[in-house]
Amino acid sequence: MAEQRKRVLEAARGLLLERGSGDITAKDLADRAGISRATFYRCFDNVDAVIDLLYNEFLARVTQRLERHIQPGTNPATWLRQLVGEVLGDAVEMGPYLVALYREELRPGSPAGDAQRQRVEAQIDRICDWWTSWAGFTADRALARAIVLLPQAAGISLAQANVTGAEKARLEEAVMFMIEATIERYLRSHED
């Protein structure tokens, strides 16, 4: 059963790249995986369960990265560049697959939409906790949201383009500039 599940997941990755999750059926997955539909249903309840598992694998990767980089009290220069570099690196490496996952977040009725909102809020909470330990005062959630969403938005844009390493590096510098300027301005506004 584990081998069939693995084949279904690989089939789903390929179909996501080709047409997005809204157009994938159990028959499509079974055919691509080389199994019967009955075997598919022994492995998964439905197509959404497959997509949800793939999406959760990606969420786990994002969460682990955030936990690895953001430690209480650390200066943002220590972890921001690494985090932004990895987010943009994922975009280059995973390109069309990342775009397919993003489309899944936007598909009406998709469980990935709720998962995405929960992921972003958890990341904002993590950054707010770090901010308090580093700056000594509570961060505005809008500031934390900007720190979370700027690299992700740049990553989605990068995932849809065929870029050179130099272009990726320039985009990374631009994202870092925006985040660092936002943090600096926010700190200055709280110097009173």
Side-chain angles (χ1 to χ4, degrees), residues 13 16 52-106 110-192:
R13 285 182 186 99
L16 266 174
D52 195 42
L53 183 60
L54 291 176
Y55 190 75
N56 284 326
E57 285 177 356
F58 181 71
L59 291 182
R61 180 179 178 154
V62 170
T63 300
Q64 289 167 355
R65 175 177 34 231
L66 197 62
E67 291 300 315
R68 186 174 64 246
H69 288 300
I70 302 176
Q71 299 301 319
T74 57
N75 187 300
T78 305
W79 58 267
L80 264 173
R81 185 163 302 279
Q82 292 170 335
L83 187 67
V84 169
E86 286 183 24
V87 168
L88 298 184
D90 277 354
V92 170
E93 176 188 326
M94 299 171 73
Y97 182 65
L98 188 63
V99 171
L101 289 175
Y102 176 69
R103 284 189 191 124
E104 179 61 18
E105 291 175 352
L106 298 177
S110 169
D114 288 335
Q116 186 269 349
R117 284 184 286 285
Q118 291 172 4
R119 170 180 55 87
V120 168
E121 291 306 316
Q123 290 173 330
I124 290 167
D125 290 344
R126 182 72 176 102
I127 288 176
C128 284
D129 290 345
W130 160 80
W131 182 275
T132 302
S133 73
W134 174 69
F137 60 90
T138 305
D140 182 278
R141 288 188 70 79
L143 171 74
R145 189 173 304 279
I147 293 170
V148 168
L149 295 180
L150 277 170
Q152 291 177 20
I156 289 298
S157 175
L158 194 60
Q160 298 178 69
N162 187 13
V163 299
T164 66
E167 289 171 313
K168 177 195 167 282
R170 284 194 304 276
L171 182 58
E172 185 176 327
E173 286 303 315
V175 170
M176 286 302 303
F177 175 80
M178 288 185 284
I179 292 173
E180 288 170 342
T182 301
I183 289 172
E184 184 180 312
R185 184 170 181 204
Y186 190 79
L187 286 171
R188 277 196 319 264
S189 73
H190 284 80
E191 287 179 342
D192 304 337

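These numbers come from a predicted model, not from an experiment.
Within the 4.5 Å cutoff, the side chain of R126 has heavy atoms near those of the E67 side chain. Residues I147 and L80 have side chains in contact (heavy-atom distance under 4.5 Å, counting atoms from C-beta outward). Q152 places a side-chain heavy atom less than 4.5 Å from the side chain of V120. Between V175 and V87, every side-chain heavy-atom pair lies at or beyond the 4.5 Å cut-off. Side-chain contact between E172 and R81: present, with at least one pair of heavy atoms (C-beta onward) separated by less than 4.5 Å. Taking 4.5 Å as the limit, some side-chain heavy atom of E86 sits within range of a side-chain heavy atom of R68. Looking at heavy atoms from C-beta onward, K168 lies out of side-chain contact with E173 at the 4.5 angstrom threshold.
Contact record, C128 with A144: SG-CB, 3.7 Å, taken as the closest heavy-atom pair. Between A139 and T132, the shortest heavy-atom distance links the atoms N-OG1, 4.3 Å. Scanning both residues, A91 and G155, for their nearest heavy atoms gives CB-O, 3.1 Å. Of all heavy-atom pairs spanning A100 and L16, the tightest one is CB-O, 3.4 Å. Here the closest non-hydrogen pair linking A159 and V99 is CB-CG2, 3.8 Å. The nearest pair of heavy atoms linking L187 to W134 is CD1-CH2, 3.6 Å.
Taking the six-membered ring for Trp and thresholds of 30 and 60 degrees, W131 and Y186 have ring planes more than 60 degrees apart, a perpendicular arrangement.
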**Request:** Apply salt bridge (charged side-chain N to carboxylate O under 4.0 Å, His left out) to D140 and R145, showing your working.
**Result:** CA-CA 9 Å; D140 182 278; R145 189 173 304 279; over 6 Å; no

**From CA spacing to verdict: side-chain contact (heavy atoms from CB on, under 4.5 Å), R119, Y55** = CA-CA 11 Å; R119 170 180 55 87; Y55 190 75; 3.9 Å; yes

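Shown here are the ring pair (Phe, Tyr, Trp, His ring centres under 6.0 Å) partners of Y102, two or more places apart in sequence or in another chain: there are none. Applying the salt bridge (charged side-chain N to carboxylate O under 4.0 Å, His left out) criterion to E167, with sequence neighbours excluded, gives no partner residue.
A distance of 12.5 Å separates CD of E93 from CG of L88, quoted to the nearest 0.5 Å. Rounding to the nearest 0.5 angstrom, the gap separating the CG atom in L143 from the OG1 atom in T138 is 12.0 Å. Note that the CH2 atom of W79 and the OG1 atom of T74 stand 7.0 Å from one another [nearest 0.5 Å]. The distance from the CD1 atom of I179 to the CD atom of E184 is 14.0 Å, given to the nearest 0.5 Å.
A salt bridge links R61 and D90; the closest N-O separation between the charged side-chain nitrogens and carboxylate oxygens is under 4.0 Å. Looking at E105 and R117, no side-chain N of the basic residue comes within less than 4.0 Å of a carboxylate O on the acidic one, giving no salt bridge.
The number of heavy atoms from other shown groups lying within 6.0 Å of CZ (F137) is above 12.
Residues Q116 and E121 bring no donor and acceptor atom of their side chains to less than 3.5 Å of each other.
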